[in-house]
Amino acid sequence: MRNYSDDEITRAVENLLHDLDLGAQPFIDSDQVEDYTRAMLDTAQYENAERIVDYGMRLYPTYSELKLLKAAAIIGQEMRLDEAEEILNEIEVTYANDAEFLEQRGWLCFSLDDKAKALSYFEKCLQIITEDKNTADPYILFDIGERLVEAELYEEALVYLKAYIPYDPESDECLFNIAYAQSNLDLLDESVDTYKKLLDIDPFLDSAWFNLGLVYTLQSKFEEALNALQTAISITPTYAEAYFNLGNVQKSLGDKKKAIESFTEYISLCNEAVIPDVYALIGDCWFALEDCDLAERFAELCLEKDPENITAKYLLGDTLMNKGMYSEAAKHFKKMLKADPHDAFLLYIIALCFLKKRNYPSAKDYARKSIEEDNEFVGGWIVFFRSESDMRIPVADRDSEVLVPISLAEYTLDIIDRERESMGHLHALDFLEGFARFFVGIGKHNDREKAKGLKLLAKVADEAPNIFQLGISEPTLLVISLRDEIKEIMDRFNIKL
C-alpha cells in the first residue's frame with residue numbers, strides 16, 4: 001500500500017521542484033521519480049506531478065511506468081485528453097490487465113463524460129485487486145472511491161471505499177470518506193457509527209467531530225450535535241464553520257443568546273469570507289428575544305450584503321408585522337411575491353396581514369389563492385376560515401386570544417362538510433376539524449366531542465406530522481398547544497414547535 005504523505009517525501013519533492021525552477025538538473029533514481037510523482041498525484045497536485053514525471057522521462061526514457069504516470073497527471077488536469085489517450089494506447093499492450101492502467105482508462109472516460117464506461121473500468125480494477133492480493137495495489141480502490149465522492153457519486157464510491165478498508169482498517173481518510181458518503185445518502189445512523197469508529201482511532205480529528213455534529217443536526221439530535229461541535233471547537237478554537245453550525249444548533253435548542261454569541265464568533269473568525277445569511281440568523285434570534293429594532297437592523301445588514309437573501313426578506317417583513325405595520329408588511333411581501341407568484345406561504349402571509357388589518361375580503365382572497373396553490377397548506381385554511389369567523393365577533397373583541405379560536409372552531413364545524421365536498425379528503429381539513437371539536441368540547445364540557453377531536457388530531461399527527469406541526473404553530477392555534485392532551489400527541493409522534 002502506498003503512503004507518500006510523510007514529511008521526508010514532501011521535503012524531497014519541494015527541494016526537487018525548487019531545483020527545477022532554478023534550471024538545475026539534479027540526479028534522482030527512477031524509483032524516486034515514481035515516488036515523488038505519486039506523492040503529487042495522491043494529493044491532486046497534477047501540474048507538479050507532470051513536471052516531475054517529465055523530468056524523470058528525460059532521465060529514463062525507456063521506463064514505461066513513467067508514461068502511465070504522465071497520462072495520470074494529464075487526466076487529473078482534465079485537459080489535453082487526446083494526448084493522454086495516445087499515451088495509454090501506446091502502453092496498452094504492456095498494461096492491458098494492470099489495475100492502475102485500467103483506473104486511468106476509467107478517469108479518461110469520466111473526463112469525457114462517459115461515466116458508464118468509466119465505472120466498468122473501475123469494476124475491472126476491483127476484480128483484479130480482489131483476485132490478485134499479492135501484486136495489485138489496493139490503494140487504487142481508495143483513490144477511485146475518494147474521487148467518486150468528490151464527483152458526488154456516493155453510492156458507487158462506497159463500493160470501493162469499503163473494499164479498501166480490509167487492507168487498511170484504520171485509514172482515517174477512508175473512514176472519513178465512507179462516513180461522508182453515507183450521510184449524503186441519508187444513511188445517517190451508519191454515518192454516525194463510522195464517524196465514531198474514526199474518532200476512536202483519532203479522537204482529535206476536528207473535521208470528523210464537525211461532520212458528526214452536522215449528521216446529528218440532520219437527525220434533530222441537537223444535544224449530541226452541540227457536544228460534537230463544541231468538541232471540534234475545543235480542538236481547533238479558530239474553526240469558524242463549527243461556530244456557525246453551533247449557533248444553528250443553539251438556535252434550534254431555543255438558546256438564542258448563546259446562538260448570537262456563536263454567530264458573532266463565526267463572523268470575527270471569517271473576516272471577509274462571512275456568509276451573509278449569518279446576519280439574518282442573528283436578526284432572527286433578536287426577533288425571538290423580542291428586540292425588533294435589532295432584528296430589523298441585522299436583516300437590513302444582511303440585505304446590504306446579499307440583496308436577494310430570502311431569510312432576511314422574511315425577517316424584515318416579520319418585524320413590520322410585529323410592530324403592527326401591516327400595510328407596510330403586506331407591500332413588502334407583495335414585492336417578494338413577484339419573484340414567485342405561486343408561493344403558497346407568501347400568499348398566506350399577505351392574507352394574514354390583511355386579516356390583522358381587518359380587511360376581510362382581501363384576506364379571504366389571498367388565503368384562497370394560498371389554498372389553491374397548496375390544498376394541504378393548513379395556515380391558508382385557518383386565515384380563509386377566519387376571514388369569515390372573525391366577523392362573527394364584536395369588533396372590540398376581534399383581537400381576543402380566546403374568542404378568536406372559539407369563533408374559528410364553531411365556524412369550522414359549520415362549514416367543514418361543505419369544504420370537503422368541494423376539495424375531497426385533506427389532512428389539513430382533518431386537522432382543523434380535530435382542533436374545532438377539541439376546542440368546542442372543552443368549552444361545552446363535552447368529553448365525547450373533545451375525544452373525537454383528539455382522535456382526529458392524533459390521526460393527522462401520525463399520517464401527516466408536518467401538517468400537524470404547521471397547524472399547531474399557526475398563531476391562532478398556539479393557545480391549544482399548551483394543553484396537556486396536545487403535548488401528549490406531540491410527544492407520542494415526536495413533533496416539536
Side-chain angles (χ1 to χ4, degrees), residues 145-146 148-158 161-162 172-203 205-236 239-256 258-260 262-263 265-266 270 275-278 280-282 284-285 288 309-311 314 345 461-470 472-473 490-497:
E146 183 180 45
L148 287 175
V149 167
E150 291 171 1
E152 299 181 4
L153 294 175
Y154 302 112
E155 190 171 353
E156 293 83 352
L158 281 178
L161 294 168
K162 288 183 176 181
D172 54 356
E173 288 182 295
C174 190
L175 288 169
F176 187 94
N177 276 281
I178 289 173
Y180 182 76
Q182 288 168 331
S183 66
N184 278 280
L185 290 169
D186 271 342
L187 303 172
L188 301 183
D189 289 338
E190 292 91 331
S191 180
V192 167
D193 289 343
T194 306
Y195 278 124
K196 285 181 176 179
K197 183 177 180 180
L198 170 57
L199 289 166
D200 284 341
I201 296 167
D202 184 356
L205 192 58
D206 58 355
S207 57
W209 284 110
F210 174 79
N211 280 13
L212 180 59
L214 296 184
V215 177
Y216 278 137
T217 303
L218 291 172
Q219 293 179 310
S220 297
K221 295 180 178 179
F222 298 117
E223 292 292 347
E224 291 89 338
L226 191 74
N227 291 334
L229 292 166
Q230 287 175 332
T231 303
I233 290 169
S234 68
I235 295 168
T236 306
Y239 202 152
E241 291 82 2
Y243 279 104
F244 180 85
N245 286 286
L246 180 63
N248 279 320
V249 171
Q250 290 164 330
K251 186 171 178 286
S252 297
L253 287 169
D255 198 339
K256 310 300 182 183
K258 282 190 177 179
I260 290 170
S262 295
F263 288 138
E265 188 67 24
Y266 160 79
C270 274
I275 300 171
D277 202 48
V278 71
L281 293 171
I282 292 173
D284 202 35
C285 289
N309 188 282
I310 195 70
T311 306
Y314 270 111
F345 186 77
D462 182 25
E463 296 177 0
N466 59 318
I467 290 175
F468 185 97
Q469 184 184 45
L470 287 172
I472 211 73
S473 302
M490 293 171 68
D491 289 341
R492 195 191 324 165
F493 297 101
N494 194 29
I495 295 172
K496 303 185 187 303
L497 286 180

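- For the pair Y216 and L226, the minimum side-chain heavy-atom distance is 4.5 Å or more.
- In this structure, the side chain of Y195 does not engage the main chain of L175 through any donor-acceptor pair within 3.5 Å.
- When every heavy atom of G247 is checked against every heavy atom of A259, the shortest pair comes out as O-CB, 3.4 Å.
- Looking at heavy atoms from C-beta onward, Y243 lies out of side-chain contact with F263 at the 4.5 angstrom threshold.
- Within the 4.5 Å cutoff, side-chain heavy atoms of D277 are placed close to those of N309.
- We find the CZ-CD distance between F468 and E463 to be 13.0 Å, quoted to the nearest 0.5 Å.
- Under the 4.5 Å side-chain criterion, counting only non-hydrogen atoms from C-beta, D284 is not in contact with T311.
- Under a 3.5 Å cut-off, the side chain of W209 and the backbone N or O of N227 do not form any donor-acceptor pair.
- Put simply, the side chain of E265 does not reach to within 4.5 Å of the side chain of F244, judged on heavy atoms.
- Distance check: I472 CD1 to I467 CD1 gives 13.5 Å after rounding to the nearest 0.5 Å.
- The aromatic rings of F210 and Y239 sit parallel, their planes meeting at an angle under 30°, below the 60° perpendicular limit.
- In this structure, the separation between CD1 on I282 and NZ on K256 is 13.5 Å, given to the nearest 0.5 Å.
- Here the closest heavy-atom approach between residue G213 and residue L229 is recorded as CA-CG, 4.2 Å.
- A 4.5 Å side-chain heavy-atom check between L185 and L158 finds at least one atom pair inside the cut-off.
- Between K251 and I260, the closest side-chain pair of non-hydrogen atoms is not below 4.5 Å.
- Within the 4.5 Å cutoff, the side chain of L253 has heavy atoms near those of the E223 side chain.
- Heavy atoms only, all atoms of each residue included: Q182 and E190 are closest at OE1-O, 3.2 Å.
- Atom-to-atom distance recorded for N248:CG and F222:CZ is 9.5 Å, nearest 0.5 angstrom.
- For the atom pair CG (D206) and OG1 (T236), the distance works out to 3.5 Å, reported to the nearest 0.5 Å.
- In this structure a side-chain-to-backbone donor-acceptor pair under 3.5 Å is missing from S191 to L188.
- Of the possible polar contacts, one joining the S183 side chain to the Y180 backbone as a donor-acceptor pair under 3.5 Å is found.
- Looking only at distances, a side-chain donor or acceptor of Q469 sits under 3.5 Å from a matching main-chain atom of K496.
- Taking each heavy atom of A461 and I495 in turn, the nearest pair found is CB-CD1, 3.8 Å.
- In terms of heavy atoms, K258 sits closest to Q250 at O-OE1, 3.0 Å.
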Practice task
Evaluate the criterion side-chain contact (heavy atoms from CB on, under 4.5 Å) for residue pair L246 and I233; output intermediate values, then yes/no.
Solution key: CA-CA 9 Å; L246 180 63; I233 290 169; 3.7 Å; yes

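- Heavy atoms of other residues, nucleotides or ligands lying less than 6.0 angstrom from CD of E155 number 12 at most.
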Practice task
Start with the C-alpha gap between L161 and V149, add the side-chain angles, then the distance that decides, and say whether side-chain contact (heavy atoms from CB on, under 4.5 Å) holds.
Solution key: CA-CA 10 Å; L161 294 168; V149 167; 3.9 Å; yes

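- Between I235 and P203, the shortest heavy-atom contact is CD1-O, 3.7 Å.
- To the nearest 0.5 angstrom, L212 atom CG is 11.0 Å from L205 atom CG.
- D189 and Q219 share a side-chain donor-acceptor pair at under 3.5 Å.
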